[in-house]
Amino acid sequence: MFRTRFAPSPTGYLHIGGVRTALFNWLLARQQGGQFILRIDDTDQQRNVHEALQPILDGLRWLGIDWDEGPDVGGPFGPYYQSQRSDRYKAAVERLLAGGHAYYDYSTPEELKAEREAAEREKRPFRYSRRFMATTAAERTAFESQGRQAVVRLKMPTEGTLALDDLVRGRVEFAWLSEQDHVIQRADGTCLYHLANVVDDYDFQITHVVRAEEHLSNTPRQVFMLEALGYPRPAYAHLPFVAEPGSRNKLSKRKLDKYLKNRDFAALVEHARMIAQKIGHPVDADAFNPVIVDFYQTVGYLPDAIINYMALLGWSLDDKSEHFSRQELIEKFSLARVNKAPASFDPQKLMAFEDWHFQQLPPTRKRELAMPFLEKAGLVASPPSDEESLLAEKVIAAAGDRIKMAGDILMFAYFFQPDESLEFDDKAAKKYLQAEGASQLLAKFRCRLATAESFDVTTLEETMHDFVAAETIKIGQIIHPVRVAVTGQSVGMGLFDTLAILGRDRCLRRIDRALT
RNA sequence: GGCCCCGUCGUCUAGAGGCCUAGGACACUGGCCUUUCACGCCGGCAACACGGGUUCGAAUCCCGUCGGGGUCACCA
């Protein structure tokens with residue numbers, strides 16, 4: 001039996017670091033023929049859990065990280081929401097109390113704070129005095145008569161060490177003395193995360209706890225609880241953080257402004273914003289943030305590209321392999337080859353993977369992915385006509401690797417716009433249309449186009465070369481003005497492809513507009 | 001501050017004592033190709049945090065220093 005889990009808190013978005021944790025858990029479960037469980041850590045959520053959870057579920061599903069048990073799919077050990085399992089936690093607390101592994105503590109927050117400050121003043125590590133520890137009913141009654149309220153604390157060992165054989169870090173040891181008597185149940189009777197975590201992992205029969213490094217220091221108290229409860233100890237693997245670009249700090253959604261100071265990072269976000277804007281998606285940091293997976297979905301990244309990139313963030317197979325399909329990842333992934341050091345998230349490299357994966361796709365698939373962007377941008381009907389689909393397919397074929405993600409089709413919006421509303425880029429028009437002699441040449445070449453025998457790429461190319469020879473000009477003198485005239489831009493795919501796709505009528509109309 | 005983790009090119013990494021004058025990829029950059037852009041091809045820049053050991057020999061083992069991060073909540 002091999003069971004892993006991913007336990008997100010309903011925060012309203014799927015963080016890129018969370019994706020990596022989920023992915024590793026999923027990969028392991030699939031590889032071992034085990035189960036991947038999704039559990040919702042909502043012990044402290046007062047707000048609308050459903051609403052805050054949906055984006056996380058959607059994100060995982062979009063990435064193809066499917067769960068065998070959890071929200072929407074159920075499972076034999078449910079419910080999978082911590083908020084619905086309080087009776088289980090209560091029972092565990094009772095057992096801990098009965099076994100002498102936990103106690104009622106009647107100290108007030110002020111008293112606790114005073115102890116803590118005293119320890120700090122004397123420069124010794126803080127450890128709770130257990131002054132208001134109540135282990136008998138009589139003690140409880142006495143404290144309660146003073147108007148005190150009880151939390152439940154763990155009675156942690158004070159000597160010896162705990163050795164942990166972490167699957168990525170190796171052996172790690174902790175001295176029990178430096179552990180605290182952590183609170184596991186609040187004064188209001190609700191329980192805290194660590195207890196819930198231990199109980200759930202046991203109830204769900206989790207065999208491998210694969211989680212972020214921040215939980216490494218929390219592990220002793222969890223092991224203490226599970227041993228006190230008589231539960232088996234799962235295998236642990238603590239993954240390094242996904243760090244922010246160019247640093248070792250944890251990647252954070254709130255620091256987008258800081259990341260944007262990096263030129264390359266900013267360029268990528270700028271490009272994505274261009275796409276988002278054209279399809280009417282908000283671009284403020286809350287709705288559109290590269291730390292959140294929804295960002296990539298919005299602009300048309302491929303889930304496989306993200307999966308491939310994320311897998312390599314902290315894991316590698318060897319010194320050669322870069323590109324992996326999902327299936328290869330499932331076969332080849334191993335915790336033993338996970339790095340110990342944090343890895344910084346590099347959107348440029350993600351983009352390189354996106355490019356690679358996208359170019360593997362057959363043209364029809366590219367078109368299927370790109371079509372929704374044209375629809376959302378209002379450039380084609382919804383659903384698109386056969387004619388529009390055909391046009392899109394031609395554009396995609398001719399654009400080749402200039403289209404690196406589905407949303408990039410919008411860089412070629414001019415193919416789909418009516419001739420009358422084509423806009424000319426100011427700089428491009430100034431440089432090429434208003435150049436000396438450009439309009440005369442353009443007018444002459446227009447006649448050639450009007451009378452060309454046919455309008456295929458080969459003929460167009462010949463026509464152009466004949467024209468250049470006849471006028472004794474350099475090809476650049478005519479090719480650039482024509483491009484700007486028919487596309488409004490100075491950059492783009494091969495000009496003859498552009499002309500042929502547009503067709504004679506549209507080309508002539510556009511040139512006429514450019515000439516006036 | 002205590003405890004824990006980590007430290008190879010800007011970034012992701014290969015490297016488990018000699019194969020390393022440290023390899024690959026992304027990025028950057030020079031050139032070629034070329035109607036622009038992109039691609040492609042050829043080339044370049046660039047790292048073992050530092051100091052001590054151990055050893056014939058260390059990026060690899062040990063110790064220390066420094067640096068970075070995490071954790072010490074009636075948050076998850």
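Only this structure's heavy atoms are used, side chains among them; waters, hydrogens and symmetry mates stay out. Naming convention: chains lettered A, B, ... in sequence-line order (proteins, then strands); numbering from 1 in each chain.
Within the shown strands, B/U29 is the pairing partner of B/G43 under the Watson-Crick or G-U definition, both distances less than 3.5 Å. For B/U34, there is no paired base (Watson-Crick or G-U wobble, both distances below 3.5 Å). Partner assigned to B/G2 is B/U71, using Watson-Crick or G-U wobble distances below 3.5 angstrom. Pairing of B/G64, defined by two Watson-Crick or G-U wobble distances under 3.5 Å, is identified with B/C50.
Atom-to-atom, OH of A/Tyr309 to C1' of B/A27 comes out at 12 Å; the value is rounded to the nearest Å. Computed from coordinates, the A/Tyr259 OH to B/A27 P distance equals 22 Å when rounded to whole Å. One can place NE2 of A/His271 at 13 Å from C1' of B/C37, the figure rounded to the nearest angstrom. Distance CG (A/Leu112) to C1' (B/C74): 10 Å, rounded to an integer number of Å. Look at CG on A/Leu239: it is 13 Å from P on B/C6, rounded to the nearest Å. In this structure, A/His215 atom NE2 and B/C75 atom P are separated by 16 Å, rounded to whole Å. Counting to the nearest Å, the C1' atom of B/C26 and the CG atom of A/Asp355 are 12 Å from each other. Taking atom CD of residue A/Gln477 and atom C1' of nucleotide B/U36, one finds them 15 Å apart after rounding to whole Å.
Contacts of A/Phe174 with the nucleic acid, taken as non-hydrogen atoms under 4.0 Å apart, involve only primed sugar atoms and P, OP1 or OP2. Within the nucleic acid shown, A/Ser490 comes within 4.0 Å of at least one base atom, counting heavy atoms only. Note on A/Pro245: nothing from the nucleic acid sits closer than 4.0 angstrom, heavy atoms only. At the heavy-atom level, A/Gln180 lies under 4.0 Å from the strands shown only through sugar-phosphate atoms. Within 4.0 Å (heavy atoms only), A/Met493 reaches at least one base atom of the nucleic acid. Note on A/Asp188: nothing from the nucleic acid sits closer than 4.0 angstrom, heavy atoms only. As judged by a 4.0 angstrom heavy-atom cut-off over every strand, A/Lys474 is placed among residues making no nucleic acid contact. Counting any heavy atom pair closer than 4.0 Å across all strands shown, A/Gly494 reaches a base atom. At the heavy-atom level, A/Gln359 lies nowhere under 4.0 Å from the strands shown. If you check every strand for non-hydrogen atoms under 4.0 Å, A/Arg127 touches nothing. If you check every strand for non-hydrogen atoms under 4.0 Å, A/Phe241 touches sugar and phosphate atoms only. At the heavy-atom level, A/Ala187 lies under 4.0 Å from base atoms of the strands shown. Here A/Arg39 lies out of heavy-atom contact (under 4.0 Å) with every strand. In this structure, A/Gly492 reaches the bases: a heavy-atom distance under 4.0 Å links it to at least one base atom across the strands shown.
Side-chain polar atoms of A/Asp408 and A/His271 form a donor-acceptor pair below 3.5 angstrom.
In terms of polar N and O atoms assigned as donor or acceptor, the side chain of A/His182 never comes within less than 3.5 Å of the base of B/A73 in a complementary pairing. Scanning atom types as modelled, no donor and acceptor separated by under 3.5 angstrom connect the side chain of A/Arg169 and the base of B/C5. With hydrogens and angles ignored, a donor-acceptor pair closer than 3.5 Å exists between the side chain of A/Lys349 and the base of B/C12.
Remark on RNA chain B: of its neighbouring residues A/Ala352 and A/Lys340, the 5'-side contact belongs to A/Lys340, judged by nearest-heavy-atom nucleotide. In terms of position on RNA chain B, the residue among A/Phe126 and A/Val168 whose nearest nucleotide sits closer to the 5' end is A/Val168.
Taking only side-chain nitrogens and oxygens, A/Ser217 never comes nearer than 4.0 Å to OP1 or OP2 of B/C72. The side chain of A/Asn218 contributes no N or O atom lying less than 4.0 Å from OP1 or OP2 of B/A76. The side chain of A/Arg248 contributes an N or O atom lying less than 4.0 Å from OP1 or OP2 of B/C12. Distances shorter than 4.0 Å separate none of the side-chain N or O atoms of A/Ser178 from OP1 or OP2 on B/C4. Phosphate proximity of B/G1 to A/Arg121: absent, as no side-chain N or O sits under 4.0 Å from OP1 or OP2. Side-chain N/O atoms of A/Arg186 include none lying less than 4.0 angstrom from OP1 or OP2 on B/A73.
When the P atom is used for both B/G44 and B/U8, the distance is 25 Å, rounded to whole Å. With P as the reference atom, B/G69 and B/C74 are 25 Å apart, rounded to whole Å. Comparing B/U60 with B/A14, their P atoms are spaced 16 Å from each other, to the whole Å. A gap of 27 Å separates the C1' atoms of B/G51 and B/U13, to the nearest Å. For the P atom pair drawn from B/C26 and B/G64, the interatomic distance equals 41 Å after rounding to whole Å.
Ring planes of A/His182 and A/His194: tilted class, angle from 30 to 60°. By the 30° and 60° cut-offs, the orientation of the rings of A/Tyr301 relative to A/Tyr296 is perpendicular. Classified by interplanar angle (parallel below 30°, tilted 30° to 60°, perpendicular above 60°), the ring pair A/Tyr128/A/Tyr103 is parallel.
Out of B/A38, B/U35, B/G24, the shortest distance to the side chain of A/Leu495 is found at B/U35. Which of B/C12, B/A76, B/A25 sits closest to the side chain of A/Ala343 comes down to B/C12. Picking from B/C26, B/U35, B/C74 the nucleotide with the shortest atom distance to the side chain of A/Asp346 gives B/C26. Here B/U35 is the nucleotide among B/A38, B/U35, B/G2 with the atom lying nearest to any side-chain atom of A/Ile479. Taking only side-chain atoms of A/Arg483, from C-beta outward, the nucleotide of B/C74, B/C3, B/U36 with the closest atom is B/U36. Closest to the side chain of A/Leu216, out of B/C37, B/C39, B/C4, is B/C4. Side-chain proximity of A/Asp41 to B/U71, B/U11, B/A76: nearest is B/A76. If you check B/C4, B/C26, B/A14 against the side chain of A/Val172, the one that comes closest is B/C4. Distances were taken from every side-chain heavy atom of A/Asp264 (C-beta onward) to each of B/C12, B/A27, B/U35; the shortest belongs to B/A27. In the set B/G23, B/C74, B/A38, B/C74 carries the atom at the smallest distance from any side-chain atom of A/Val183.
Checked against the 6.0 Å centroid criterion, the rings of A/Tyr80 and A/Trp67 do not qualify as a close aromatic pair. Checked against the 6.0 Å centroid criterion, the rings of A/Tyr106 and A/Phe132 do not qualify as a close aromatic pair. Taking the six-membered ring where the residue is Trp, the centroids of A/His323 and A/Phe353 are separated by under 6.0 Å.
For the pair A/His238 and B/G70, the ring geometry does not qualify as stacking, because the centroid separation below 5.5 Å and plane angle under 30° are not jointly satisfied.
Annotation: cation-pi pair A/Arg140/A/Tyr104 present, NZ/CZ under 6.0 Å from the ring centroid and within 45° of its normal. Annotation: cation-pi geometry not satisfied between A/Arg124 and A/Phe126 (NZ/CZ under 6.0 angstrom from ring centroid, within 45° of ring axis).
Note that OH of A/Tyr309 and CD of A/Glu322 are 11.0 Å apart. Values are rounded to the nearest 0.5 Å.
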